[in-house]
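Please read the structure below before turning to the comments.
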Amino acid sequence: MKASINTNDWVLPLRAIFSYLCSHFQIKFRSPLMANRYKEFKHLNLPAIEKEVLQRWERENAFKKSIEVREGAEPFVFYEGPPSANGMPGIHHVISRTLKDLVCRYKTMQGYKVQRKGGWDTHGLPIELGVEKELGITKEDIGKKISVAEYNQKCREAVLRYKDKWDDLTTKMGYWVDLEHPYVTFTNEYIETLWWCLKELYNKGLLYKSVSIQPYSPAAGTGLSSHELNQPGTYRNVKDTSAVAMFKAVKSGRSQFLFDAAGDDEVFFLAWTTTPWTLPSNLGLTVGPNIDYVLVKTFNPYTHLPVNVVLAKSLVNRYFKPEGENGDLEEYSPDQKLLPWKILTEFKGKELEGLEYERLLPYEANSLEAIQAITPDAQPFRVLLGDFVTTEDGTGIVHTAPAFGADDYKVGKKYNIGILTLVDREGKFVDGLGEFSRRFIKDYKNEPDYVDVNVDISVKLKKENRAFKVEKYEHSYPHCWRTDKPVVYYPLDAWFIKTTAKRERMVELNKTINWKPESTGTGRFGNWLENMVDWNLSRSRYWGTPLPIWRTEDGSEEKCIGSIEELNAEIKKASQVLGGDVNTHYLHDGILDLHKPYVDEVILVSESGKPMKREPDLIDVWFDSGAMPYAQWHFPFENKEIFQENFPADFIAEGVDQTRGWFYTLHALGVMLFDSVAYKTCVSNGLVLDKNGNKMSKRLGNVVDPFQTIEKFGADATRWYLITNASPWDNLKFDLEGIKEVQRKFFGTLYNTYQFFALYANVDRFSFKEAYIPLEERPEIDRWILSSLQTLIKKVTAAFNDYEPTQAGRLIEDFVDEHLSNWYVRLCRRRFWKGEYEQDKIAAYQTLYECLETVVRLMAPISPFFSDELFINLNAVTQKHKEESVHHILFPTPKEEYIDILLEERMGLAQDASSLILSLRKKANIKVRQPLQKALIPVLNPLMEQQLHKVEDLITAEVNIKELEYLSDTEGFIKKKIKPNFGALGKKLGPLMKAVNTALSNFSQHEISLFEKEGRYSIPVGNDEFVDLALSEVEISSEDIPGWTVASKGPLTVALDINITPELIQEGDAREFVNRIQKIRKDSGFDVTDRIEVKVAANNGISSSLAKYNDYICAEILADKLELTSNIDEGTEIEVNDNPLKVIVLKKG
RNA sequence: AGAUCCGUAGCUCAGCCUGGUUAGAGCACUACACUGAUAAUGUAGGGGUCACCAGUUCAAAUCUGGUCGGGUCUACCA
């Protein structure tokens, strides 16, 4: 502080010389740091201001400097979740980035060093699919129509396609993040760290290969991980053709009891499926061992043939109407609607175990020979027992196709029924299935004339007396997050990370993370961890991080590579051991690109000297982003110290949809690699919906373009709106009207306040060069606003510290609007433009300046542009800070000694009293310009009188009355009301409260005043019991002053003397006249300091009013002369209190 | 089906944690004022079964349980 004051001493004369030179030699030059006038605006144009500020930031390297100025300071670590730049950014990106930015800016202002490395997610399905669409190819064409090398080159070119748009948005929205040195996930360095991570996991035994039934997207040609399946929007309600198929039981010793009951007719097991395409692969039927089943005699509703069917007892009424029970089976005719039916027998599921049935759809491909060719000894087509069977849907008998369901696979393995996968990886039936061969099981190719094979299968079953019910069934079914096509469950070889082995630790460490809101962490994320399954890493694609594992052909030996150096050494070794052409391309320079196809060309050698090939899989892109804490620094190959300093993150923030995505992969890798959390605080923001609460989608056309929004309303207004409208984690209904409101109400008010300050400070040449006037020498209102300001600083700081920016923003808004603009400035206006430049005026300037500067610093994290503009404009004149941006200085700290609770309280009284008096004026229809004599305020105690007395001048000036009169406690004059102080009495009285309340409400005026005098009172509550009340346990308020019209709010009551004496009328005339002249001054475009002369022709009572108040009028309107004449020809016609006048207003000089 | 968030004025939201007696604000609407800050402001008015039901309590928008509606997420539902 001291240094800057010293600086001022010599800067001021220099500045004078400088400006003299500039004006005389007409040098057009505006130093950003120096000015002798506060910049005044013509209009509030936020977008234009922002453009200027952006240019300045760029010119001055403001972002870089904001980190440099904290060199050596304690770091605050932030991780940027990498966006994928192959799509356009949307408005929902603006909210999470605003959140990230404001926290980082705030922490910088708190003195931390906050590095923010940007990043790009560049691998994976979205990019590949985009490229395929562009080239008009499918996955099968890769390696045929286009080489893998060329394909990957195309991907590499496509990944940063919209980088410019993203950078543009980042810049324009004021998001400070390092775009010059971002981490890019496809670089060798990045991949090398990923390999290092994988090898660490491998060495810990956490990486393994296994066959399992996994979600698989035929359209995308790859398996999906559980968290990919858990992206929003993947589960969708779809209508599928479902079928209840009839599996014909084979007669045997064990099934005899069924045939006995059925009178030796055919017996069928009913099994339901929503995926009829799995029926040809059926190898078993699973029943619940303890579920009750029944054999029902009835007719097939399609073929009308008599049948006997088995299904769960509790599901009988799902298929049969009660009226049909025991109906006449003999008389059934095909045209009757009601199916007659009859339960023949009942039994437990376990009695069905091992019963055989006939193949439903016999073809070459699902013959016993074909099955046993894959699984020797397999014994398919039997009834199995499984615990997973429920009776909530279907028939209680589960059609089991081991290839297409995890449960099916498990139970099938147990009973050794074999496995048939009669659908290939493209999603079409294999050969050997008759008319269904090579047909797609779902419309994966967007064929215009696609015919649903599921329908055809169902029709076939119907015709063959093998379907009992076929209908459209609506259920939620997972879809591939990129292709939007339905996923199937499919047996795949895959590499897994054994996340389940670390579940306990992950759960434990999760409890140390500060989640905003808490429920995301405990609920959504916590549940996810509890139910976690192993992480399926494998992807059968081309553009991604290759799995660095090489294996011998028989799988007996394998090697996991953890660095480029290691790979190059192994390359050489293999070449030497294996000889021939092995790895010849890679011997000289080593490997130059870690992607396909190059890594696949590399052959390594096993310990026993056998060649090893790379496992063909790529890894899940989510591993890329989850490993960014390490890979962004190329750890451990470089930057070890930087990494140590930047792990774990203090703070991350993304949309809540990342809970199972990035939040999870970061956490999982942090725990598994370093036994640490990866982030200490995680803020998850909600979705951005349109103004009607619908999700934004291109299809509905309700998306909001962030560029247009910022261009039109400015980034600051947009940011402020996004942050203050709702808590970040609540869903936001985005409405442009809301931004307009913010712009008008908050920014408009702040702008007006600044503008007002600048206008008069420029007139008076206020530059804060005078000594700081001690608080005790400033008037009441200054001390009040400064006290409120400190309270504001405290609350805003607390809110920001608690990651509650919404609270912070709303507090600032309220202060600027309610306190600063609508009370302080309004009441102090005259201090700025009246009188000489002396102590009181300087105090006013200093106070308003301090408020403005502080507010600007408080709001800077949320509103970086406008705050910086105002800061620079203020500081350019006063030079109080040597920093050149608000984002380089420190956040304000509250001056506790400025806080005066009593003062804030009595100002509240003044505001209430003024408001009440204005409302009384309104009731009596007397305008504020008409002075009134007095207002009466009953005071309940000495403190209240004292308090009011101190703000008396403010009230009288504000509501234009001559005096306040206090009515002290004279019995009979003020009517008082008493009621219990519920809060205080509740605990003490409990059930007696009602009685006391009744007693108090029946108090007479006399009893109330007795109570007040004594300070206590004993109240009878029946049965000779009494309750002793203290004065603090009741609330006494004045309710009425007999004979007066009153208004009250809480304990405050006001009466207004509405007698208007002739003298008051004259004064009112004078004030009205001043108002008219001021309007003329303004309309004529006079400067606020111009002196004028006025001639008035008044032929009525007004002239005497004007004569009487001549001096007052002249002072107000800056007139040197007010001349009253009887008549003038020209002049402006005005009206003063219904009297017409003519005036001529002339500027002097 | 389960988890979670939400439901307060026409709209956007406070208040709920810690129960207290007229449930607030802004926007919008209407009328009247004020103003040398003017795309601002004040006063007044209309507008609420605090989603519903039950419980706890002297007292419930607030605490508890349930129901309904909406969002998001989960699930190996054949």
Side-chain angles (χ1 to χ4, degrees), chain A residues 43-44 213 215 230 232 235 242 271-275 278 286 388-390 392-395 397-401 404-410 475-478 489 517 519-520 522-524 526-528 531 533 656-657 659-660 686-687 689 691 693 695 724-727 729-733 735 737-738 740-741 743-745 748-749 751-757 759-760 806 810 813-814 817 821-822 825-826 829 832-833 914-915 918-923 925 927-929 979-986 989-997 1075 1078-1079 1081-1082 1086-1088 1116-1118:
Chain A
H43 302 283
L44 175 59
I213 309 300
N230 289 326
Y235 278 85
S242 73
W272 179 61
T273 180
T274 53
T275 51
T278 58
T286 308
F388 60 89
V389 180
T390 67
E392 275 165 22
D393 275 311
T395 62
I397 303 177
V398 176
H399 143 60
T400 305
F404 303 121
D407 281 331
D408 303 43
Y409 181 79
K410 224 188 293 165
H475 60 151
S476 82
Y477 195 84
Y489 289 88
S519 59
T520 302
T522 54
R524 193 177 281 201
N527 286 344
W528 169 252
N531 300 316
V533 293
V656 71
D657 53 349
T659 307
R660 271 103 181 190
L687 300 175
L689 309 170
K691 64 178 175 184
K695 213 170 167 174
T724 56
N725 186 59
S727 280
W729 34 89
D730 285 335
N731 288 345
L732 177 80
K733 290 181 187 165
D735 189 354
E737 289 302 315
K740 283 185 202 161
E741 191 179 320
Q743 203 181 29
R744 218 176 44 235
K745 203 159 160 46
T749 306
Y751 159 81
N752 278 332
T753 307
Y754 167 81
Q755 193 75 338
F756 173 85
F757 168 82
L759 178 67
Y760 292 109
T806 308
R810 286 174 178 172
E813 250 173 23
D814 287 349
D817 188 42
S821 171
N822 274 321
V825 174
R826 199 149 61 89
R829 267 194 309 258
F832 291 92
W833 55 271
S914 303
S915 157
L918 288 172
S919 106
L920 287 169
R921 272 183 176 273
K922 158 80 186 161
K923 221 173 262 172
N925 225 345
K927 57 186 163 191
V928 181
R929 238 181 264 121
K979 71 175 185 183
N981 178 346
F982 285 95
L985 273 179
L989 295 182
L992 293 175
M993 187 68 108
K994 257 189 186 146
V996 171
N997 191 23
N1075 170 260
Q1078 300 288 34
K1079 190 164 164 37
R1081 280 188 63 120
K1082 200 179 169 195
F1086 295 173
D1087 209 66
V1088 286
E1116 288 295 310
I1117 63 175
L1118 299 183

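We use all heavy atoms of the structure for the numbers below, so side chains are in, but hydrogens, waters and symmetry mates are not. The structure displayed is predicted, hence computed values, not measured ones. Residue numbers start from 1 in every chain, and the chains themselves are labelled A, B, ... in the order their sequence lines are given, proteins ahead of strands.
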State, with a plain yes or no, whether a side-chain heavy atom of A:Thr286 is found less than 4.5 Å away from one of A:Ile397. no
Where the side chain of A:Arg810 meets the backbone of A:Asn725, is there a donor-acceptor pair that is under 3.5 Å apart? yes
Are A:Thr724 and A:Thr806 close enough that a side-chain donor and a side-chain acceptor fall under 3.5 Å? no
Tell me every residue that passes salt bridge (Lys or Arg N to Asp or Glu O under 4.0 Å) with A:Glu813, counting only those two or more places apart in sequence or in another chain. none
Could you check whether the side chain of A:Arg744 and the base of B:A39 have a donor-acceptor pair of N or O atoms closer than 3.5 Å, going by distance alone? no
Confirm from the modelled atom types if A:Ser821 and B:A37 form a donor-acceptor pair under 3.5 Å, side chain to base only. yes
By nearest nucleotide on RNA chain B, pick out whichever of A:Tyr760 and A:Asp817 is the more 5' one. A:Tyr760
With sequence neighbours left out, write down each residue that passes side-chain contact (heavy atoms from CB on, under 4.5 Å) with A:Asn1075, or none if nothing qualifies. A:Arg929
Could you check which of B:A37, B:A78, B:C13 has an atom nearest any side-chain atom of A:Asn752? B:A37
Base, sugar-phosphate, or nothing for [X], non-hydrogen atoms under 4.0 angstrom?
X	result
A:Asp814	nothing
A:Arg921	nothing
A:Lys1079	nothing
A:Phe1086	base

Where each pair must be Watson-Crick or G-U wobble with both distances under 3.5 Å, what dot-bracket representation of RNA chain B is obtained, with crossing pairs in [ ] and other-strand partners as |? (((((((..((((......[...)))).(((((.......))))).....(((((..]....))))))))))))....
